[in-house]
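Reading through the structure tokens given below for one structure.
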Amino acid sequence: MRVYTSKAELSAFISKESTTTFSLGFVPTMGALHSGHLSLVKAALAENTLVVVSIFVNPTQFDNPNDLNTYPRTLIEDVQLLETLSKTMILVYAPTVEDVYGSQMNAEKFDFGGLEFQMEGKFRTGHFDGVGTIVKRLFEIVKPNNAYFGEKDFQQLQIIKKMVGLTKLSVNIIGCPIERESNGLAMSSRNSRLSDEEKEIAALIYKTLQSVKEKFEFENHTDISTWVTTQFFNHHLFELEYFQISDTENLAPIQQKNETKTYRAFIAVFAGDVRLIDNIALN
Ligand code: PAF
């Protein structure tokens, strides 16, 4: 498998390969790949001639230095895992910070129309400016036709769609369903930092979201939020950071249920210092 650390070499190879019928798929990742990432790569392989997977732990999207330092970095294993899907149709771009940012590692400031102030934005200052900055740079380097993102980070997905609209970059953004462990825990690179007990008990997160979906048909959203809080109150392993039912389009918290709108429930939970997020479509 071809692994590039330099954007110049990556671009040179892609231009050599491209023909009039060529379509380039792109899956941006921070590595520590798992079946969730592989499902994005499979979707990209099914719809494109060539697929670039970037593996880059982006410093500008971390508000917590400890989270950045402890983020798993497993390039060799990641490449081996990708090779199980294809050795010839996938290129890996695993750049250095300098290759992406040059000498100025700064996040751009974006106006995402309020999407950035909801949920994750409230708890992770500057996170979405960092995500917008890196995804825009990667799009400029890779120049994909189609880019694939998981719905686990649904707020990120909406923000990237907004960024593409703002910057008028020519790329289709494709959202892919959440992949889950057999107990329902949403797949995440951070799961590797959970103990066996935490992993098992983390089934509570998705079970709670499934019950929220059932309750949403006939219960008031305030009562549902109170019920979710009680599920995690004084829990011996987990601490609830937030739970919110939002309008799918603008991610604003629900005020009054409107039958013409679609809603999603979002949750963030700490297991020790590992932060887990998940969400579910409600209607
Ligand atoms: O979802 C992620 O892994 C990251 O936020 C992304 C999109 C690769 C940008 O660094």
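As the structure is a prediction and not an experimental result, all values here were calculated from the model. As the structure lists them, so they are numbered: ligands from 1, and atoms in each ligand from 1.
- Close approach of ligand 1 to I134 (heavy-atom distance below 4.0 Å) involves ligand atoms 9 (C), 10 (O).
- Of all protein heavy atoms, the one lying nearest to atom 3 (O) of ligand 1 is M30 CG, 3.7 Å.
- Note: an N/O pair closer than 3.5 Å links Q61 and ligand 1 by distance alone.
- Considering backbone and side-chain atoms together, Q156 places an N or O closer than 3.5 Å to an N or O of ligand 1.
- Interatomic distance, CD of E120 versus CD of E241, reported as 7.0 Å (0.5 Å rounding).
- Using cut-offs of 30° and 60° on the angle between ring planes, the pair F154 and F266 is tilted.
- Counting only distance, with no hydrogens or angles, the side chain of H127 and the backbone of G121 share no donor-acceptor pair below 3.5 Å.
- Screening residues 169-180 for side-chain hydrogen bond (donor to acceptor under 3.5 Å, both in side chains), with sequence neighbours left out, gives N146-N172, R180-D278.
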Run the side-chain donor-acceptor check on residues 35-47: report pairs under 3.5 Å with partners two or more places apart or on a different chain.
unit_1	atom_1	unit_2	atom_2	d
H37	ND1	H34	N	3.1
S39	OG	G36	O	2.7
E47	OE1	Y148	OH	2.6

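- The proximity of T29 to ligand 1, defined as any non-hydrogen pair under 4.0 Å, is limited to the backbone.
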